[in-house]
**Q** 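Mind having a look at this structure? Questions to follow.
When a ligand or atom number is given, it counts from 1 through the structure's own listing order.
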Amino acid sequence: MSTDKPNAIIVIFGATGDLSKRKLFPSIYRLYKNGKIGEEFAVVGLARRPWTNDVFRENVRNSIEQSSSKEEDLEDFSSHFYYHSFDVTDTSSYDDLNNLLEDLEGHYQTDGNRIFYLAMAPEYFGSIANQLEENGLKNGKGWTRLVIEKPFGHDLDSAKELNNQIRHAFDEDQIYRIDHYLGKEMVQNIEVIRFANGIFEHLWNNRFISNIQITSSEKLGVEERARYYDHSGATRDMVQNHMLQMVALLAMEPPIKLTPEEIRSEKVKVLRALRLVDPEKVNEFFVRGQYGSSNSIKGYREEATDLANSTTETFVAGKVMIDNYRWAGVPFYIRTGKKMKEKSTKIVVEFNDIPMNLYYKNETEKHPNLLIINIQPNEGITLYLNAKKAGIGSIAEPIKLSYTNNGVDDINTPEAYEKLLYDCIIGDTTNFTHWDEVAHSWEFVDSLLDAWAAVTPDFPNYPAGSMGPEAADDLLEKDGFHWWPITD
Ligand code: BG6
């Protein structure tokens, strides 16, 4: 018997890790509490530690309590969680897991639907996918889906290799590659703001937009993740996925239908049109940085002994060009980094100013119309217009029209992971990255990293707590622009 709510068993590889604790357990709880999933679900946590169900459930309850205020129903909720000590390299572990899943399928009405969520070190992704296939875990009565966290490869070649391994066992439509930015409310809103508003969409091209700026700045450093991060750097960590996904959503053509295939095909066209980085011109288009100590905040190289001579970039800014009819000549400036001044993700669309503005105070002053999409911490949009300064005269001053989700009653926007998990349970792949997107993004990022690899950077080059190296400002200045502030 199935219920009207989606039902499945979620198997989490890496259930004792940080992601499970901070994001996955609280998200599953919110889906439960908000009635998106009913009683017919179970979560099986896998990791090496020899935990019992009781210890696991206590951890689940603690993680939920830490992520929100006092919660109810935690006992009932956590009774759906089972722990299984697991060695990903040992075939017998998979047999035992299959038996456990069959038992649970007898207990909960999950119709044999199984989600395998890989929230662990990427070196095991390929072999786990294959072991699941070889040991018959994909042969349940219902559907099977594989959710994969990043990083998806280290460059195009390794991503291809990983993809081939996974595709050996799973079809593309069973693979859900997570990019958690695609679960953010305002990232999902980019498409609606663009395509549901004539006043924007008709102007959304190189005739009316002078440049687009995307900033995702973080105050935190690398915390406990130095080992991963030093091998990755800001370009692989943020640009290959989140930043280029936002570029694709901002630049894509309207889809002919709101299906995952149609939307993806428009995004892929943008990623195919990205101008690859010419090694001769890399400094004209990109700036890399690493934070140094400042005002008692440690520099990156002082965060751990292994980092003492690191040349890994903790900041990247760049001018991304999209060589297609709509965007020829319009720079998409991107900027992201650790230990910056603020935690903020924001998109600024700067429209061309009118040719002769009689209403500015003087000739050098300019305040073009801006559409700002605030992704976090505030969620909303702001439109900057010019209007007459109150009083005598006809001088224009910028005024802003703002909409923020925070101000709307009863809106408590779901966390990205909550939405993505739900999409996976209902089989909606729209907000997951298809292999074609991953491949084109890597191709672009590889062209940049290869160009950089030829020269040893002079790091550190920006103080912790700042907005990055000065060269990131020069990047825009030489085009006659500047970064708009990230705080309103
Ligand atoms: C992750 C990166 O993908 O995104 C982290 O690995 C980064 O380094 C994080 O901190 C930023 O996500 P958010 O949602 O806090 O902007």
**Q** Could you list the residues that satisfy side-chain contact (heavy atoms from CB on, under 4.5 Å) with Ser27, not counting sequence neighbours?
**A** Arg30, Tyr417, Glu418, Leu421
**Q** Establish, for the pair Arg167 and Trp435, whether the NZ or CZ atom is under 6.0 angstrom from the six-membered ring centre and no further than 45 degrees off its axis.
**A** no
**Q** Taking the six-membered ring for Trp, is the centroid-to-centroid distance between Phe81 and Phe25 below 6.0 Å?
**A** yes
**Q** What residue pairs, at least two apart or across chains, pass salt bridge (Lys or Arg N to Asp or Glu O under 4.0 Å) with a residue in residues 288-303?
**A** Glu303-Lys339
**Q** Would you mind telling me which of Phe116, Tyr124, Phe13 makes a ring-ring contact (aromatic ring centres under 6.0 Å, His included) with Phe86?
**A**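 Among the candidates, only Phe13 passes.
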**Q** Not counting sequence neighbours, which residues clear side-chain contact (heavy atoms from CB on, under 4.5 Å) with Ala451? List them please.
**A** Val277, Pro279, Val282
**Q** Present, as a list of atom pairs with distances to 0.1 Å, all nitrogen or oxygen contacts under 3.5 Å between ligand 1 and the protein.
**A**
| residue | atom | partner | partner atom | Å |
| --- | --- | --- | --- | --- |
| ligand 1 | 3 (O) | Lys150 | NZ | 2.8 |
| ligand 1 | 3 (O) | His242 | NE2 | 2.7 |
| ligand 1 | 6 (O) | Lys150 | NZ | 2.6 |
| ligand 1 | 6 (O) | Arg225 | NH2 | 2.8 |
| ligand 1 | 6 (O) | Asp237 | OD1 | 2.6 |
| ligand 1 | 6 (O) | Asp237 | OD2 | 3.4 |
| ligand 1 | 8 (O) | Arg225 | NH1 | 2.9 |
| ligand 1 | 8 (O) | Asp237 | OD2 | 2.6 |
| ligand 1 | 8 (O) | Lys338 | NZ | 2.7 |
| ligand 1 | 10 (O) | Glu218 | OE1 | 2.6 |
| ligand 1 | 10 (O) | Glu218 | OE2 | 3.1 |
| ligand 1 | 10 (O) | Lys338 | NZ | 3.1 |
| ligand 1 | 12 (O) | His180 | NE2 | 3.1 |
| ligand 1 | 14 (O) | His180 | NE2 | 2.8 |
| ligand 1 | 14 (O) | Lys184 | NZ | 2.6 |
| ligand 1 | 15 (O) | Lys343 | NZ | 2.6 |
| ligand 1 | 16 (O) | Tyr181 | OH | 2.5 |
| ligand 1 | 16 (O) | Lys343 | NZ | 3.0 |
| ligand 1 | 16 (O) | Gln376 | NE2 | 2.7 |

